[in-house]
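To keep things clear, I will list the structure first and then write my remarks on it.
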Protein chains: 2
Amino acid sequence: MARNPNMREAILGAAETLFSSHGYSAVSIRDIARAAGANPGSVTYHFKSKDELLLAIYRRHCGPMNDRRAELLAAAMRIRDLGNRLEAIVRAYVVPAFTSSSDLAGGGARFTRLRAMMSAEGNAAVGRIIAEIFDQTNQSFIEAIEQSLPHLSRSTIVWRCQFLLGALYYSLISPERITRLSRGEANGGDVAQAIEQIVVATVASLQAPEIGDASGPRVARRGVKASSEKVPA
Amino acid sequence: MARNPNMREAILGAAETLFSSHGYSAVSIRDIARAAGANPGSVTYHFKSKDELLLAIYRRHCGPMNDRRAELLAAAMRIRDLGNRLEAIVRAYVVPAFTSSSDLAGGGARFTRLRAMMSAEGNAAVGRIIAEIFDQTNQSFIEAIEQSLPHLSRSTIVWRCQFLLGALYYSLISPERITRLSRGEANGGDVAQAIEQIVVATVASLQAPEIGDASGPRVARRGVKASSEKVPA
DNA sequence: ATATCTTTTGTACAACTGTACAAATTCATT
DNA sequence: AATGAATTTGTACAGTTGTACAAAAGATAT
């Protein structure tokens, strides 16, 4: 029966939805098949294994999303005013993680949520892809930020970019927490507001002075004392 | 055989370690028993079920950790200078999440990492505990911040506290990412540095002006336009 | 030592897991 | 209509899952 010409896509979509809301090991191939209206055997036909299915999801999204980020970053770097440029850089990183350009392959909150789940579970197959594909994108953003904030050490920039990604992930993982704690005043599922809040908060944290630097935000003092000797875990 | 008088504790500890590094559904009761040097049946004897075992871990840590937070928060509120007070408030929230007072029950990075995993997996049993126990603590911190930054709307404070928690979680979930992206310049596993970086970044983001507010950070303009109509997922 | 209670062990069960594969079905080309 | 490739189905397998429970082993008190 070669009936559904988009069975492969249906399985991919179902897997994406289920993985992103329950995690990898909590979702079985049979769950995916059921959600996609397919036979379990069909899943192992189109994708050799469960791991391969997960990787196929990543391959579909990573390229378009990081391409879009590169475009927006290039546009941001053409901005003269350093403050506006910094905000544009952060926005270039955040926006493609929340919204998809072409409906399926763009990027989108669902895929970003999936990435959050996978990095929590520490999935081994995904670990390789992340280091390969994402580190390149991340490095170019870090360098762009370094140019806009030359007084900051690379360590501090990396830490603050890590916080950005954590904020981004967690806003997608527990949006209902926003709604609950604000007593309904804010809506955690509001993507547009999430983007604005993340951008404003991140730009402010990036503009903070270096740790141990008592002078103003824009005054340089490069070599900061490395208070980094304790090494647990 | 009532040989090991601390078998219950050994199982709790093993479960904590395994859950915090692989997630809930990826770890089996047999895995836990093996790591604790116990018989699988012994696990279901001390804790009725796998869910109950997870809840026991939460019960052991939540109380001491939030008590410590309350102490530090009370001390912070005695600080007169509003800038220093804000930093002390943030520190009162962050420090107990990273370090344990009494070795086992205090809190500690391992338990916080576990919480990060569970909130990603969306574990139902944990969901109830979180809403009950943590919301109370969170509300008191939000109110303390509201007092120190009266020009900010509650929504914005909640958003930025959400980012704080996301940053905290993710710094424990992917510390090796820090080391890798900084090319060894920073050590993501350095708890002391993580705390300092999180505190500085969070204080700066909290002090940022409200969205849509063009005036300086400390100038009030309460009612901000709610750009919150899009409601997906 | 006897009896009672607590803890540990071992085994069993039904349900579910990822994967493999032959048979059946559909489609495109001739 | 017939051939051949592509897809879907159904079933099977060995291994794992959470849980239940009787039997054994230890501890405690009398």
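By convention in this document, chain letters (A, B, ...) are assigned in the order of the sequence lines, proteins followed by strands, and residues within each chain are numbered from 1. Predicted, not measured: the structure shown is a model, and the values here were computed from it.
Closest approach to the B:S49 side chain among D:dT19, C:dT8, C:dT19 is made by D:dT19 (side chain taken as heavy atoms from C-beta onward).
Atom pair A:N39:CG and D:dA12:C1' shows a separation of 13 Å (rounding to whole Å applied). Whole-Å rounding puts the A:E9 CD to D:dT7 P distance at 13 Å. Here C:dG18 presents its P atom at 14 Å from CD1 of A:I11, a figure rounded to the nearest Å. The distance between atom NZ of A:K48 and atom C1' of C:dT19, rounded to the nearest whole Å, is 10 Å. Rounded to whole Å, the distance from CE on B:M7 to C1' on D:dA27 is 15 Å. C:dC21 atom P lies 15 Å from atom OH of A:Y45, rounded to whole Å. Separating the NZ atom of A:K50 from the C1' atom of C:dC16 is a distance of 12 Å, rounded to the nearest angstrom. We find that CZ of B:F47 is positioned 13 Å from P of D:dT19, with the value rounded to whole Å.
Taking side-chain N and O atoms only, A:H46 has no distance below 4.0 Å to OP1 or OP2 of D:dA6.
Between A:E9 and A:R60, at least one side-chain N (NZ, or NE/NH1/NH2) sits under 4.0 Å from a carboxylate O, which counts as a salt bridge. Using a cutoff of 4.0 Å between basic side-chain nitrogens and carboxylate oxygens, B:R91 and B:E87 are scored as salt-bridged.
For the pair B:K50 and B:Y24, the cation sits on the ring face: its NZ or CZ lies under 6.0 Å from the ring centre, inside 45° of the axis.
Counting all heavy atoms, side chain and backbone alike, A:A15 lies closest to A:I57 at CB-CD1, 3.9 Å. Considering every non-hydrogen atom in both A:E185 and B:S153, the closest pair reads OE2-CB, 4.2 Å. Between B:S119 and A:I173, the shortest heavy-atom contact is O-CG2, 3.2 Å.
Listed by residue number, the members of residues 120-128 of chain B with any heavy atom below 4.0 angstrom from DNA chain C form an empty set. Looking at residues 18-37 of chain A, you'll see A:R30 sit with a heavy atom under 4.0 Å from some atom of DNA chain D.
Within the 6.0 Å centre-distance limit, the rings of A:Y170 and B:Y169 are counted as a close aromatic pair.
Listed by chain and residue number, nothing satisfies the ring pair (Phe, Tyr, Trp, His ring centres under 6.0 Å) test with B:F134 (two or more places apart in sequence, or in another chain).
Considering only heavy atoms from C-beta on, B:S49 stays 4.5 Å or farther from B:T44 through its side chain.
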